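Numbers here simply count residues along the sequence, with the first being 1. Source: prediction; values computed, not measured.
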Amino acid sequence: VQLQASGGGLVQPGGSLRLSCAASGSIFSINVMGWYRQAPGKQRDLVATITRGGKINYADSVKGRFTIPRDNAKNTVYLQMNSLKPEDTAVYYCNADITYWSGSYLQDMNYWGKGTLVTVSS
């Protein structure tokens with residue numbers, strides 16, 4: 001099982017960017033999927049999470065600007081980032097709680113994807 005994130009890049013303040021994170025492998029189900037970010041010299045913080053049923057939690061700093069759509073059929077979560085600010089600059093990581101097949105047994109594990117860099121600068 002792995003998570004593959006994509007979509008980072010350089011964007012001007014006020015601009016938009018969309019990140020994608022797809023899970024692949026012997027997946028049985030995925031409960032919570034989410035995004036975290038880590039700015040230089042700072043700890044990794046929650047950005048947003050979404051359960052399989054669609055319950056969403058946003059960090060206060062991104063409410064009203066970011067959304068976290070999810071496609072359960074594709075095992076994919078997105079992060080739509082609008083009205084970006086320089087302080088949104090960070091490496092963004094996707095995360096997921098995945099139930100997967102290990103032989104004939106089901107196992108649960110929390111996975112992290114490789115980070116994708118988002119730079120907001122003029």
Side-chain angles (χ1 to χ4, degrees):
V1 175
Q2 62 177 354
L3 296 177
Q4 183 66 48
S6 61
L10 173 65
V11 62
Q12 292 186 342
S16 298
L17 208 57
R18 191 190 200 204
L19 307 182
S20 299
C21 177
S24 61
S26 300
I27 297 169
F28 176 77
S29 67
I30 304 177
N31 186 10
V32 181
M33 301 186 83
W35 292 93
Y36 293 73
R37 67 185 181 186
Q38 188 168 17
K42 296 188 176 181
Q43 66 181 19
R44 188 174 301 185
D45 292 326
L46 178 144
V47 177
T49 60
I50 181 169
T51 69
R52 183 173 183 82
K55 183 177 180 180
I56 295 173
N57 180 43
Y58 291 109
D60 288 343
S61 59
V62 306
K63 284 181 180 177
R65 300 188 298 123
F66 291 11
T67 60
I68 184 170
R70 173 174 173 169
D71 187 334
N72 289 331
K74 296 181 178 180
N75 291 330
T76 299
V77 65
Y78 306 91
L79 186 66
Q80 178 64 45
M81 304 183 289
N82 300 324
S83 302
L84 282 160
K85 305 175 181 179
E87 50 263 43
D88 294 317
T89 295
V91 177
Y92 284 71
Y93 297 90
C94 63
N95 179 273
D97 290 327
I98 298 176
T99 301
Y100 65 97
W101 288 104
S102 178
S104 57
Y105 296 94
L106 290 175
Q107 302 277 2
D108 297 316
M109 185 171 288
N110 183 263
Y111 287 88
W112 289 95
K114 292 183 179 180
T116 183
L117 177 62
V118 173
T119 303
V120 184
S121 175
S122 55

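- The side chain to side chain donor-acceptor pair (under 3.5 Å) check on Asp108 picks up Thr99, with sequence neighbours excluded.
- Lys63 is linked by a side-chain contact (heavy atoms from CB on, under 4.5 Å) to Tyr58, Asp60, counting only residues two or more places apart in sequence or in another chain.
- Side-chain atoms of Thr89 come within 3.5 Å of backbone atoms of Val120 as a donor-acceptor pair (strictly under, hydrogens ignored).
- Scanning all heavy atoms of the two residues, the minimum distance from Arg70 to Thr51 falls at NH1-C, 3.2 Å.
- Counting heavy atoms of neighbouring residues, nucleotides and ligands inside a 6.0 Å radius, atom CD of Gln4 does not exceed 12 of them.
- Leu106 and Tyr100 are members of different hydrophobic clusters when ILVMFWY side chains are connected at heavy-atom separations under 4.5 Å.
- We find the CG-CD1 distance between Asn75 and Ile98 to be 7.5 Å, quoted to the nearest 0.5 Å.
- Judged as a side chain to side chain donor-acceptor pair (under 3.5 Å), and not counting sequence neighbours, the contacts of Asp88 are Arg37, Arg65.
- Screening Leu3, Val32, Ile50 against Val77 for a side chain to side chain contact (heavy atoms under 4.5 Å, CB included) leaves a single residue, Ile50.
- Atom OH in Tyr78 sits 5.0 Å away from atom CG in Asp71 (nearest 0.5 Å).
- The side-chain contact (heavy atoms from CB on, under 4.5 Å) search around Ser104 returns none, not counting sequence neighbours.
- Counting only residues at least two apart or on different chains, the ring-ring contact (aromatic ring centres under 6.0 Å, His included) pairs with a member in residues 102-122 are Tyr36-Trp112.
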Could you pull out all donor-acceptor pairs under 3.5 Å where a side-chain atom in residues 15-31 meets a protein atom, sequence neighbours excluded?
residue: Ser16; atom: OG; partner: Asn82; partner atom: OD1; Å: 2.9

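- Both Val47 and Ile56 are assigned to one and the same hydrophobic cluster, defined by single-linkage of ILVMFWY side chains at heavy-atom distances under 4.5 Å.
- Listed by chain and number, the residues in a side-chain contact (heavy atoms from CB on, under 4.5 Å) with Lys114 amount to none (sequence neighbours excluded).
- Applying the salt bridge (charged side-chain N to carboxylate O under 4.0 Å, His left out) definition to pairs two or more places apart or across chains, none involves residues 44-54.
- For Leu117, the side-chain contact (heavy atoms from CB on, under 4.5 Å) test picks out Val91, Thr119, with sequence neighbours left out.
- For the side chain to side chain donor-acceptor pair (under 3.5 Å) test, no residue two or more places apart in sequence or in another chain qualifies with Lys74.
- Of all heavy-atom pairs spanning Gln38 and Lys42, the tightest one is NE2-O, 3.1 Å.
- Taking 4.5 Å as the limit, some side-chain heavy atom of Leu10 sits within range of a side-chain heavy atom of Ser121.
- Put simply, Phe66 and Met33 are part of the same group of oily side chains (I, L, V, M, F, W, Y) that touch within less than 4.5 Å, one to the next.
- No chain of hydrophobic side-chain contacts below 4.5 Å, direct or via other Ile, Leu, Val, Met, Phe, Trp or Tyr residues, connects Leu79 to Tyr93.
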